[in-house]
Number of protein chains: 2
Amino acid sequence: MSESPTSTVSAIVHALADEVSAGALPAGARLPAQRLADRFGVSRFPVGQALRVLAEHGIVVATPGRGFFVAPEGRLPAAALSGRRKPDGLSAVYFAMAEDRLAGRLPDSISGAALRERYGLSRGQLGQLLDRIAAEGWAERRPGYGWRFSAVLTTPDALEGSYRLRLAIEPASLLEPGYRLDPALAARCRAVEEGMLAGGIERASSDALYERGVRYHEAIVGASGNPFMLEALQRVNRVRRLLVYRTLVDRQRFYRQAREHLAILDLLEAGRREEAAEAMRAHLGAVMESMAAARPLLETGR
Amino acid sequence: MSESPTSTVSAIVHALADEVSAGALPAGARLPAQRLADRFGVSRFPVGQALRVLAEHGIVVATPGRGFFVAPEGRLPAAALSGRRKPDGLSAVYFAMAEDRLAGRLPDSISGAALRERYGLSRGQLGQLLDRIAAEGWAERRPGYGWRFSAVLTTPDALEGSYRLRLAIEPASLLEPGYRLDPALAARCRAVEEGMLAGGIERASSDALYERGVRYHEAIVGASGNPFMLEALQRVNRVRRLLVYRTLVDRQRFYRQAREHLAILDLLEAGRREEAAEAMRAHLGAVMESMAAARPLLETGR
DNA sequence: TCTTGCATTTCAGACGTTCAACATGCAAGG
DNA sequence: CCTTGCATGTTGAACGTCTGAAATGCAAGA
């Protein structure tokens, strides 16, 4: 606990905690470092560190000289650890910047030095951040010095445009030859949606609701096996998050969305893909309409 | 001529050379540095350098103390300069790397140091390159060290998948509300296509043919005003270039393409967008079929 | 033989420095 | 008055160094 785990190590820690917590790794299961290393695509070194961290939390037990095993009473601490991932520090700045920008607190044009000053970033951090933002399309380098924020995202049309792209891609993805929705994945999606209907919508933060929707749609489109379609959707979703932050969410409409998500899953699992595509079209159209109703909120600013 | 022009300066040089060559800037026109600087969004400094370069080429004349003017006989050297842009050094490595990868000369997994060694790159250069490649989706950082090339692009399906994304996006873009094709842009597109039919197809390199097609489609989709659709198309086109390099082009089919391009322009300018969308669908479908016929070539490797 | 634990080697990111390129203010001239 | 030319201040990218982290090889033990 004294050490601050690096990204790789903590990723492994959380992945294993998840599996123990979910019961995928039963108590007493052996955990050979080499096996785990292969699975995560890393060497045994960070795996060993991760196991030591897990041992400190009582999730696994170390038998000196013989290896690591899942602790008999490991599921509880695993569940505790599984929840709280440390938030990326840079992401916080990213959202702060997006918020500042959308609220009009950042000028159209600004130098990198000014941004570093404002957000307290090092050179490298600012570089990463702005590269990411530039890739998402809401800022670009100016010739010469500095950066220019593009006006695209501040217009109310932007959100609508993002939905129209989804309307073009998502139904089409369901009709891709070779479409195959993994049953296990479908079951997980179904469980999430049903959990939402059974009270989850009230409990979840609006951030979590957005995440859930994104994951559902990306899973459905990803099953098409067309990486270009999936990537286009992922990109538009990353930007859409910024826009959605500024709309008030009507929690009621998430019930309808969840039911529609389930209906689409039903159709897909029954192999009725044309109907599923039509349902997806209707679903997105409905979401778009309910969004258009909330549109005045966008224009008033914060 | 002795100096090696920086990117900003050479961009201005070529932009001005283009305008002089096209006759947009008539002989004797005055070229105030401040005006040009505002137009390009930079300061007077690089503009002054660019003007000096143009003076060396005889495209403009400097009247000491009074400023720069387009040279009476400036159009010829301008046309000469307008053609040959200096190719980005990093781009050459990029294509070499793509070529090596698609030909199987690069392993699935490789460390950054090995890549730097192989292509003679500095740390920063390799970073830029791999970030770009990662953004395009054909390589990704491995946890730990090194990079992993994704298998996606080496499969023959990839090219087909890229067309199916375009098939979803492009016709839809023509039906976007607010679609407006700038008449001047339409005229330029038309001129290019007609030039192609009138012998341009035989003269152009296959690289130029690809460029021409991309520009046409991106112009058409860009007129939708939906930045998400345009960006999705641009991204898929960047990757598609790599795949197309490995297919043999049948020059004959470009005649048919050019005619279809013109027919779509006709429909758009007549405001018959639904029909244009349908024609675009048919056009892409035809291209995809002719590509499928060439598919065995992809599988044999170089 | 397979495993862990340790030591060595390799690697890439962070940091600070240097330098070329750009912005800007000012003086001089048409 | 507007323009150019020059001098000064600012910015960001390239380079080299350094440090922490990961890969790898090897020995010991179950």
Side-chain angles (χ1 to χ4, degrees), chain A residues 3-12 30-38 40-52 55 60 62-69 90 109-117 121-128 130-131 141-147, chain B residues 3-12 30-38 40-52 55 60-69 89-90 109-117 121-128 130-131 141-147:
Chain A
E3 67 228 69
S4 76
T6 67
S7 59
T8 304
V9 171
S10 87
I12 298 172
R30 194 166 188 186
L31 298 169
Q34 187 61 59
R35 201 77 52 81
L36 295 173
D38 292 344
F40 290 110
V42 299
S43 74
R44 284 166 17 223
F45 189 85
V47 171
Q49 286 184 302
L51 287 172
R52 216 158 304 148
V60 306
T63 311
R66 297 211 44 234
F68 290 88
F69 301 86
L90 218 54
S109 189
I110 189 171
S111 83
L115 283 173
R116 266 183 26 210
E117 163 87 17
L121 297 173
S122 80
R123 206 166 315 232
Q125 291 172 321
L126 186 77
Q128 281 183 268
L130 283 177
D131 285 347
R141 330 186 64 82
R142 262 189 4 191
Y145 300 159
W147 296 79
Chain B
E3 68 229 68
S4 76
T6 66
S7 59
T8 303
V9 171
S10 90
I12 298 172
R30 194 164 189 188
L31 298 168
Q34 186 61 60
R35 202 77 53 83
L36 295 173
D38 291 345
F40 290 110
V42 298
S43 74
R44 283 164 19 221
F45 189 85
V47 171
Q49 285 184 305
L51 286 171
R52 217 159 303 150
V60 305
V61 288
T63 311
R66 294 212 46 235
F68 291 87
F69 301 85
L90 218 52
S109 189
I110 188 170
S111 83
L115 284 172
R116 267 179 29 203
E117 163 86 16
L121 297 173
S122 78
R123 203 167 315 233
Q125 291 172 321
L126 185 78
Q128 280 184 271
L130 284 177
D131 283 348
R141 330 186 65 81
R142 261 188 5 190
Y145 302 161
W147 294 79

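Order of the sequence lines fixes the chain letters, A, B, ..., with proteins taken first and strands second; residue numbering starts at 1 for each chain. What you see is a predicted model; the values in this text were computed from it and never measured. Reckoned from all heavy atoms, side chains included, excluding hydrogens, waters and symmetry mates.
- Contact between A:Arg66 and A:Arg30 at its shortest, heavy atoms only, is O-NH2, 2.9 Å.
- Atom pair B:Leu115:CG and C:dT10:P shows a separation of 18 Å (rounding to whole Å applied).
- One atom, CG of B:Leu126, and another, C1' of D:dA13, lie 16 Å apart when rounded to the nearest Å.
- In terms of phosphate contacts, B:Ser122 brings a side-chain nitrogen or oxygen within less than 4.0 Å of OP1 or OP2 of D:dC15.
- The residue A:Gly112 sits close only to the backbone: its heavy atoms come under 4.0 Å of sugar-phosphate atoms, none of a base.
- Comparing D:dA22, C:dC22, D:dA14 against the side chain of B:Pro46 picks out C:dC22 as the nearest.
- Put simply, CZ on B:Arg52 is 14 Å from C1' on C:dA21, counting in whole angstrom units.
- Closest to the B:Tyr145 side chain, of the nucleotides C:dT4, D:dA21, C:dA23, is D:dA21.
- Summarising the geometry of B:Phe69 relative to B:Leu31, their closest heavy-atom pair is C-CD1, 4.3 Å, with the distance given to 0.1 Å.
- Phosphate contact (OP1/OP2 of D:dA22, side-chain N/O of A:Thr8, threshold under 4.0 Å): present.
- What you find for B:Ile12 and B:Ala50 is that their closest heavy atoms are CG2-CB, 3.6 Å.
- Residue-to-nucleotide contacts include a donor-acceptor pair under 3.5 Å from the side chain of A:Arg44 to the base of C:dG5.
- Distances shown here put a side-chain N or O of A:Arg35 below 4.0 Å from the OP1 or OP2 atom of C:dT3.
- Rounded to whole Å, the distance from CZ on B:Arg66 to C1' on C:dA28 is 16 Å.
- Heavy atoms from other residues, nucleotides or ligands lying under 6.0 Å from CZ of A:Arg142 number more than 12.
- Here B:Gly48 lies out of heavy-atom contact (under 4.0 Å) with every strand.
- Rounded to an integer number of Å, the gap from CG of B:Leu121 to P of D:dG16 is 14 Å.
- Between B:Arg141 and C:dG13, a side-chain N or O to OP1/OP2 separation shorter than 4.0 Å is present.
- Nearest heavy-atom pair across A:Pro143 and B:Val42 is CB-CG1, 3.6 Å.
- Within 4.0 Å (heavy atoms only), B:Arg142 reaches no atom of the nucleic acid at all.
- For the pair B:Thr63 and A:Ala113, nearest-nucleotide mapping onto DNA chain D gives the more 5' position to B:Thr63.
- One can place CD1 of A:Ile110 at 16 Å from C1' of C:dA23, the figure rounded to the nearest angstrom.
- Rounded to a whole Å, the CD atom of B:Glu117 is 14 Å from the C1' atom of C:dT10.
- Nearest to the side chain of A:Phe45, among D:dA22, C:dA23, D:dT17, sits D:dA22.
- Both A:Gln125 and A:Arg30 sit near DNA chain C, but only A:Arg30 has its closest nucleotide nearer the 5' end.
- Residue whose closest nucleotide on DNA chain D sits further toward the 5' end, between B:Arg123 and A:Trp147: A:Trp147.
- Remark: B:Gln49 is in phosphate contact with C:dC22, judged by side-chain N or O atoms under 4.0 Å from OP1 or OP2.
- Within 4.0 Å (heavy atoms only), B:Gly144 reaches sugar-phosphate atoms of the nucleic acid but no base atom.
- Candidate nucleotides D:dA30, D:dA23, C:dC11 were compared by shortest atom distance to the side chain of A:Val42, and D:dA23 ranks first.
- Looking at every heavy atom in both residues, B:Pro46 comes nearest to B:Thr8 through CB-CG2, 4.1 Å.
- Both A:Ala33 and A:Gly124 lie close to DNA chain C; mapped to their nearest nucleotides by heavy-atom distance, the more 5′-ward contact belongs to A:Ala33.
- Taking atom CG of A:Leu31 as the reference point, atom P of C:dC2 lies 19 Å away to the nearest angstrom.
- Closest non-hydrogen pair, B:Leu51 versus B:Val60, comes out as O-CG2, 3.6 Å.
- A:Leu130 comes within 4.0 angstrom of no nucleic acid atom, judged by non-hydrogen atoms across all strands.
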